[in-house]
Structures are given as C-alpha cells and as structure tokens.
Amino acid sequence: MLDYKELEKQGLAHGFSHVAPLDCSTIELMSEVRAMCEKNTCHRYGKCWSCPPGCGSLEECQKIIDAYQHGIIVQTVGELEDELDGETMMETEALHKEHFLSLEKELRKQYPKMRPISAGSCVKCKVCTYPDAPCRFPDEAFSSMEAYGMLVTQVCKANHMEYYYGPCTIAYTSCFLLE
Ligand code: SF4
C-alpha cells in the first residue's frame with residue numbers, strides 16, 4: 001500500500017499545489033475525449049508517440065491503466081489577475097511541467113515501473129521520432145490524460161479532488177500510476 005502522506009509531502013516539495021490519492025479503477029476512458037484530440041487544436045495530433053493515434057487505441061490505453069491499482073493526482077493552481085490573464089496561464093502551465101518532470105525523476109527511483117500521465121504531450125526529446133522510428137524512451141515517455149481518453153474533471157471528482165478553485169484561477173492536473 002502506498003504511503004500517501006509521504007507522497008503528498010514529496011509532491012508539495014516539488015512545487016505542486018495539491019496532491020491526492022488516485023484509485024486507478026475509477027478512471028473512465030471516453031471516446032468523446034479522443035474525438036476532441038482528433039480536432040487537433042493543440043497541433044500535436046499525429047506528431048508524437050505520446051499522442052493519438054501513436055499512443056494506441058483506447059482499448060490499448062485501458063490495458064495499460066488496468067495494470068495499476070494505486071497512484072496520485074497532482075495539481076498546480078495559478079491565480080490570474082483577471083479571466084483574460086493568458087500570461088499567468090502560460091506561466092502556470094510551464095510551472096506544472098517543471099513540477100511534473102522533477103517529481104517524475106524522483107518517483108522513478110522508487111517506482112521504476114510507474115506510468116506518468118501529464119497535462120501535455122511528451123517533451124523528453126527536442127524532436128519526437130514519430131512516425132519514422134520507434135520511441136527513444138518507451139519506458140519513460142508520457143502521454144497526456146486527454147491522449148489516454150481521460151476527462152480530467154471525471155478523474156478528479158471520482159477521487160474527491162477539486163478541479164475548480166474559483167474565479168480567476170487555473171488548475172493543471174497530471175497523475176502518476178504507481179503500483
Ligand atoms: S520519449 Fe521522445 S521519442 Fe518517445 S514519445 Fe517522447 S518525445 Fe517522442
């Protein structure tokens with residue numbers, strides 16, 4: 001069983017605003033989320049092994065998730081000056097990525113087989129090898145929650161974690177499937 005108190009301490013020390021236990025069996029993968037990826041508003045669809053279609057079908061993603069029981073959800077929350085404060089949104093996103101990569105490094109030593117799932121596409125390599133050559137780091141590459149077909153609000157609600165922290169706030173969410 002995971003030591004959630006210790007994991008929360010670790011997550012907060014790496015800069016996250018909130019850390020909560022994740023029961024992996026509560027995760028629902030939705031074809032509607034995949035359909036949003038296909039619209040390619042983030043311009044990553046078909047550009048990386050960690051994004052659809054390179055990250056596998058929903059059935060393949062489900063099999064990966066089914067291999068885990070316990071994990072954590074991590075969030076970085078930013079305070080905006082107003083609802084159009086794009087600069088703070090981008091800063092918060094960059095901070096969340098930083099927190100994610102540094103915690104990933106530490107957790108990897110404790111849970112070598114863990115599966116990190118981020119708030120964005122894999123950034124391990126400057127240029128992804130997709131689709132010309134296999135992924136350079138198949139055990140360390142990470143997909144986004146959306147790429148797996150997860151709706152962040154569903155995963156948060158099912159695990160008793162807030163997603164919305166009030167007007168003029170922005171929350172970025174990722175998770176680590178640990179064991
Ligand atoms: S580790 Fe490199 S090659 Fe693999 S998905 Fe990430 S960016 Fe692409």
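Just so you know, residue 1 is the first one in the sequence shown, and it goes up from there. In listed order, ligands and their atoms are each counted from 1.
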Going by the atom numbers of ligand 1, which of them fall below 4.0 Å from some non-hydrogen atom of K124? 1 (S)
Per-atom filter on ligand 1: closer than 4.0 angstrom to a heavy atom of A141 are 1 (S), 4 (Fe), 5 (S), 6 (Fe)
Value for CG (L2) from OH (Y111), rounded to nearest 0.5 Å, stands at 4.5 Å
To which protein heavy atom is atom 5 (S) of ligand 1 closest, and what is the distance rounded to 0.1 Å? W49 CB, 3.6 Å
NZ/NE/NH1/NH2 to OD/OE distance under 4.0 Å, K63 and E60: no
May I ask you to identify the nearest protein heavy atom to atom 6 (Fe) of ligand 1, giving residue, atom name and distance to one decimal place in Å? C122 SG, 2.4 Å
Does the separation of the ring centres of F100 and F142 fall below 6.0 angstrom? yes
Side-chain donor-acceptor contact under 3.5 Å, E106 with Q10: yes
Do the side chains of H18 and V77 get nearer than 4.5 Å, heavy atoms only? yes
Atom 4 (Fe) of ligand 1: closest protein heavy atom, distance to 0.1 Å, is C135 SG, 2.3 Å
Find out if a path of hydrophobic residues (ILVMFWY) with successive side-chain heavy-atom gaps under 4.5 Å connects M161 to Y68. yes
Check ligand 1 against C125 and write out every atom of the ligand that is under 4.0 Å from a heavy-atom position of the residue. 1 (S), 2 (Fe), 3 (S), 7 (S)
Determine whether Q75 and Y163 make a side-chain contact, defined as any pair of heavy atoms from C-beta on separated by less than 4.5 Å. yes
Quick note on ligand 1: atoms under 4.0 Å from a heavy atom of T129 include exactly 3 (S)
Counting from 1, what ligand 1 atoms have a heavy atom of R136 closer than 4.0 Å? 3 (S), 4 (Fe)
Taking 2.8 Å as the cut-off, does C128 contribute an N, O or S atom near atom 8 (Fe) of ligand 1, distance below it? yes
